[in-house]
Amino acid sequence: MTAPASIHPRSIDDLYPGALALTDQLGEVPSRNRLQKEFKIGAPKATELRERLLTRTEPAVSPAPVALDYAEPIGPNPAPLPTAPEPTAPDASTEPRRGWSRRRPAAEKSPQVPADGHPGPKIPPAPAPADAAQLKSLKRIRWAVRLVLALGVAASIAGNVLHARDELISQVISAWSPLALLLTIELISRVPVHSRRLAVGRWAATALIAGIAAWVSYWHMAAVAARYGETNGAQYLLPLSVDGLVVVASICLVELGGRIAANHRK
């Protein structure tokens, strides 16, 4: 609803009926801009008109009657109203009794996750690839040194057997000293010793056996070399090459055994 334009300003009382009709049409109080546009009025008058619309009194609405679920008592002695039944406690005889022997289901244990810093079981660290390759190489070298030592001991045994009589007992006795030296070197290269006294005693016994084997083999091989045509001192130098080979191979075998044991401990 638009008011006609006029040169005479209209009062709030004149504008109120039209603003009230616009409010009923919109279903809500119009805004100030809407009032200015509809009635061609300024902002102050539109604001005052809107405040009057907001503060208007509306007829009070009486509450609706509440419907009852029962008939209203009539007469001088009305019947008592029905009351709701009181809740009764459950009978203990009919309620299933829970046995004392019945156990509650045990709660499932959650898998424990080791926290950072927890010691846990000690797991030996795996050897590094470089250490494993080095250990394998040392074992191959030890087998090669054993072959060299066995060759030197075999040459010493052959010289002793050739110098002995043509009897089995004599040949076994002559072959014993180089064989004893071979077994001694193998033992000290494989079995570690943790006591200093035992180590000194073992090395002393090894030196004694090596001295006996070198003395016996030297003279037996010198005699055999002279018998088979070695002259001009060659018969005395040839046994030294065999004994020297046995000594070097023995030292190398002991050293390799110690390095392999140290690698295993590492």
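Start at 1 with the first residue, then count along the sequence.
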- Message: Give me the atom names and distance for the closest heavy-atom approach of Gln235 to Asn232.
- Response: OE1-N, 3.9 Å
- Say whether Leu240 and Trp219 are linked into one hydrophobic cluster, either directly or through other cluster members, by side-chain heavy-atom distances under 4.5 angstrom. yes
- Item | Arg142 (side chain) donor-acceptor with Gly257 (main chain) under 3.5 angstrom | no
- Query: Any link between Ile209 and Ile188 through a network of hydrophobic side chains (Ile, Leu, Val, Met, Phe, Trp, Tyr) touching at under 4.5 Å?
  - Reply: yes
- Item | Which atom of Leu49 lies closest to which atom of Tyr16, heavy atoms considered | CD1-CA, 4.0 Å
- side chain to side chain contact (heavy atoms under 4.5 Å, CB included) assessment of Val153 paired with Leu181: CA-CA 8 Å; Val153 172; Leu181 177 62; 5.6 Å; no
- Which distance, rounded to the nearest 0.5 Å, do you find between the CZ of Arg50 and the CD of Gln36? 11.5 Å
- Query: Distance-only, no hydrogens or angles: does the Thr55 side chain make a donor-acceptor pair with backbone N or O of Glu51 under 3.5 Å?
  - Reply: yes
- Query: Is there a chain of hydrophobic side chains (I, L, V, M, F, W, Y, each step under 4.5 Å between heavy atoms) that links Leu22 to Ile12?
  - Reply: yes
- Message: Do Glu28 and Thr23 make a side-chain contact, defined as non-hydrogen atoms from C-beta onward lying under 4.5 Å apart?
- Response: no
- Query: For Leu26 and Arg34, what are the C-alpha separation, side-chain angles and deciding distance, and is it a side chain to side chain contact (heavy atoms under 4.5 Å, CB included)?
  - Reply: CA-CA 11 Å; Leu26 297 176; Arg34 183 68 180 270; 3.9 Å; yes
- Query: Val148 and Val247: same hydrophobic cluster, using ILVMFWY side-chain contacts below 4.5 Å?
  - Reply: no
- Is the closest basic N to carboxylate O distance between Arg52 and Glu48 below 4.0 Å? no
- Over all atoms of both residues, closest heavy-atom pair of Val145 and Leu253: CG1-N, 3.9 Å
- Do the non-hydrogen side-chain atoms of Thr184 and Arg202 ever get within less than 4.5 Å of each other? no
- Message: Using modelled atom types and a 3.5 Å cut-off, is there a donor and acceptor pairing between side-chain atoms of Ser170 and backbone atoms of Arg165?
- Response: yes
- Message: Between Ser217 (side chain only) and Ala214 (backbone N and O only), is there a donor and an acceptor less than 3.5 Å apart?
- Response: no
- Query: Mind checking whether Leu245 and Ser241 have side chains closer than 4.5 Å, heavy atoms only?
  - Reply: no
- Query: Take atom CG in Leu183; do more than 12 heavy atoms of anything else shown fall under 6.0 Å from it?
  - Reply: yes
- Taken to the nearest 0.5 Å, the spacing of Asp13 CG from Ser11 OG works out to 5.0 Å
- Message: Can you tell whether the side chains of Arg259 and Glu255 come within less than 4.0 Å, N to carboxylate O?
- Response: no
- Message: If hydrophobic clusters are built from ILVMFWY residues whose side chains come within less than 4.5 Å, do Val29 and Ile41 share one?
- Response: yes
- Trp203 vs Val254, side chain to side chain contact (heavy atoms under 4.5 Å, CB included): CA-CA, chis, key distance, verdict: CA-CA 11 Å; Trp203 280 107; Val254 173; 3.8 Å; yes
- State, yes or no, whether a side-chain contact exists between Ile212 and Leu208 at a heavy-atom distance under 4.5 Å. yes
- Item | Shortest non-hydrogen contact from Met221 toward Ser156 | SD-CA, 4.0 Å
- Task: Find out whether Leu256 and Lys139 are in side-chain contact, i.e. whether some heavy atom of one side chain is under 4.5 Å from a heavy atom of the other.
- Result: no
- Message: With a 3.5 Å distance limit and no angle check, can you tell me whether Tyr218 reaches the backbone of Tyr236 through a side-chain donor-acceptor pair?
- Response: yes
- Item | Ser174 (side chain) donor-acceptor with Asn160 (main chain) under 3.5 angstrom | yes
- Note on the structure: Minimal heavy-atom distance between Arg32 and Ala46, with the atoms involved, is CG-CB, 3.6 Å
- So, is the end of the Arg146 side chain (NZ or CZ) under 6.0 Å from the ring centre of Trp143 and within 45° of the ring's axis? yes
- side chain to side chain contact (heavy atoms under 4.5 Å, CB included) evaluation trace for Ile157 with Val161: CA-CA 6 Å; Ile157 291 175; Val161 170; 4.0 Å; yes
- Please name the pair of heavy atoms, one in Val246 and one in Gly152, separated by the smallest distance, quoted to 0.1 Å. CG2-C, 3.7 Å
- Item | Minimum side-chain heavy-atom gap Ser137-Ile141 below 4.5 Å | yes
- Once you round to the nearest 0.5 Å, how far does OG of Ser189 lie from CG of Leu149? 9.0 Å
